[in-house]
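Presented below is the structure to which this report refers.
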Amino acid sequence: MDIDEFWHLIEHSARHRPNEARLRWLEQQLVRRSAEEIIDFQSWILEARRKVDTHLMWGAAIVLYLVGGSDSFWYFQMWLVGLGRETFERVAADPDTLADVPEVQRFLTMQRDRITRTDDDWPELEFLSYVAPKAWEKVTGTESAALFDALEARGHVLYGMPHPTDEDWDPGDDEQAARRVPRSYRFIREFYGRA
């Protein structure tokens, strides 16, 4: 499975709602494939996650009130993947463009206006991480640990939580936020009338 096919599956899965149906559809697609292709799929997940596992991304998401601690940032990374290739690549290249993402603006509007939200409205897609391991178990009849061994054999370093390696900073510090993610900082202040 190459990168184009990976993104095709991710984007096609978005047609299925709610998220539970989306993830079930993805798993059904993977169980029709070889074990090698399942490893490929999870490799692309890990590659994507690495691109957005940064303090800059985490800080931008905190400034926009999208995440808090490490768990929510971990699940947020998968949500970014779920937005599709174009949006993902744009935000991965410049985390400060998060404020321009329609799904972010929709969530913030619901939050500000106290509109009842479902699990699908939150900027988290934790279970996308588990689709390949579940498919692996069905296809191979072995535990998902064997999938993780195969990923490590390909050179992947596996983490269970965020592991950013860029410069850490304090998104709660107005001066740092305004300097590092000016678009997001300005957007959220204007959005809540604190400009």
Side-chain angles (χ1 to χ4, degrees), residues 1 3-31 33 37-95 97-99 101-108 110-111 117-137 144 147-148 151 154 156-166:
M1 178 183 301
I3 187 68
D4 294 328
E5 191 170 0
F6 167 77
W7 282 114
H8 173 76
L9 285 172
I10 293 294
E11 289 165 0
H12 190 79
S13 73
R15 300 176 187 170
H16 303 271
R17 291 286 176 208
N19 280 338
E20 185 178 310
R22 177 184 191 176
L23 298 171
R24 190 170 45 250
W25 180 86
L26 260 177
E27 184 182 333
Q28 290 167 353
Q29 299 307 303
L30 291 180
V31 297
R33 295 170 180 264
E37 288 176 294
I38 295 170
I39 299 169
D40 292 341
F41 182 89
Q42 192 66 10
S43 290
W44 292 121
I45 288 276
L46 296 174
E47 290 286 331
R49 174 167 258 157
R50 187 165 40 251
K51 288 182 179 181
V52 294
D53 190 16
T54 67
H55 286 294
L56 188 59
M57 181 66 74
W58 200 344
I62 288 172
V63 166
L64 291 168
Y65 304 116
L66 301 173
V67 303
S70 56
D71 285 352
S72 63
F73 182 52
W74 195 241
Y75 309 151
F76 174 76
Q77 293 172 10
M78 290 295 86
W79 181 77
L80 289 175
V81 172
L83 294 178
R85 188 178 202 169
E86 183 180 331
T87 300
F88 176 86
E89 293 294 349
R90 184 176 63 251
V91 172
D94 181 3
T97 62
L98 266 176
V101 174
E103 292 85 354
V104 167
Q105 293 178 3
R106 179 179 171 274
F107 173 76
L108 291 173
M110 293 178 80
Q111 187 167 275
R117 291 157 288 180
T118 68
D119 288 344
D120 282 5
D121 294 318
W122 289 88
E124 299 180 351
L125 193 56
E126 173 187 4
F127 293 100
L128 180 55
S129 298
Y130 312 140
V131 169
K134 288 169 73 175
W136 173 272
E137 291 180 354
S144 58
L147 169 61
F148 303 133
L151 291 164
R154 286 190 181 188
H156 290 286
V157 178
L158 305 179
Y159 299 103
M161 281 297 178
H163 191 75
T165 57
D166 61 326

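Sequence positions, counted from 1, serve as the residue numbers for this chain.
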Donor-acceptor pair, Arg33 side chain versus Phe41 backbone, under 3.5 Å? no
Would you say the ring centers of Trp122 and Tyr75 fall short of 6.0 Å from each other? no
Calculate, to the nearest 0.5 Å, the distance between atoms CG and CZ belonging to Asp4 and Arg85 respectively. 4.5 Å
Residue pair His156 / Ser43: nearest heavy atoms and the distance that separates them: NE2-OG, 3.3 Å
Report the C-alpha distance between Asp71 and Met161 in whole Å, list the side-chain angles of each, state the deciding distance to 0.1 Å, and finish with yes or no for side chain to side chain contact (heavy atoms under 4.5 Å, CB included). CA-CA 7 Å; Asp71 285 352; Met161 281 297 178; 2.3 Å; yes
Could you grab the distance from atom CD1 of Ile10 to atom NE2 of His8, nearest 0.5 Å is fine? 11.0 Å
Quick check for you: to the nearest 0.5 Å, what is the distance between Leu98 atom CG and Phe76 atom CZ? 4.5 Å
Spatial distance of atom CZ (Arg117) from atom CZ (Arg106) [nearest 0.5 Å]: 10.5 Å
Smallest separation among heavy atoms of Val81 and Ala48, with atom names: CG2-CB, 3.7 Å
Distance-only criterion, 3.5 Å: show the donor-acceptor pairs between side-chain atoms of residues 57-70 and protein atoms not counting sequence neighbours.
residue : atom : partner : partner atom : Å
Trp58   : NE1  : Gly68   : O            : 3.2
Tyr65   : OH   : Arg194  : NH2          : 3.1

Sequence neighbours excluded - salt bridge (charged side-chain N to carboxylate O under 4.0 Å, His left out) pairs with any residue from residues 50-65: Glu47-Arg50, Lys51-Glu89
Side chain to side chain contact (heavy atoms under 4.5 Å, CB included) for Trp7 and Trp44? Distances and angles first, verdict last. CA-CA 9 Å; Trp7 282 114; Trp44 292 121; over 6 Å; no
Side-chain contact, heavy-atom cut-off 4.5 Å: Thr97 with Thr87? no
About how many Å separate CZ of Phe6 and CD of Glu11, when rounded to the nearest 0.5 Å? 9.5 Å
Give the minimum heavy-atom separation between Met78 and Leu125, together with the two atoms involved. CB-O, 3.1 Å
Within the 4.5 Å heavy-atom criterion, are Trp25 and Arg15 side-chain neighbours or not? no
Please check: side-chain N/O of Asp166 versus main-chain N/O of Leu56, any donor-acceptor pairing under 3.5 Å? yes
The test is side chain to side chain contact (heavy atoms under 4.5 Å, CB included); show your working for Arg22 and Asp120 and say whether it passes. CA-CA 11 Å; Arg22 177 184 191 176; Asp120 282 5; over 6 Å; no
Heavy-atom nearest pair, Pro133 first then Gln42, reads CD-OE1, 4.0 Å
Straight-line distance of Tyr130 OH to Lys134 NZ, nearest 0.5 Å: 10.5 Å
Note: Leu128 and Gly82 closest approach over all heavy atoms is CD2-N, 4.4 Å
Under the side chain to side chain contact (heavy atoms under 4.5 Å, CB included) rule, what do Arg154 and Asp40 come out as? Steps first, then yes or no, please. CA-CA 10 Å; Arg154 286 190 181 188; Asp40 292 341; 2.8 Å; yes
If we ignore hydrogens and angles and just use 3.5 Å, is the side chain of Arg49 paired with the main-chain N or O of Pro162 as donor and acceptor? no
If you define the side chain from C-beta out and look only at heavy atoms, does anything of Asn19 sit under 4.5 Å from Glu124? no
Correct closest heavy-atom pair for Ala132 and Ile38 would be O-CG2, 3.5 Å
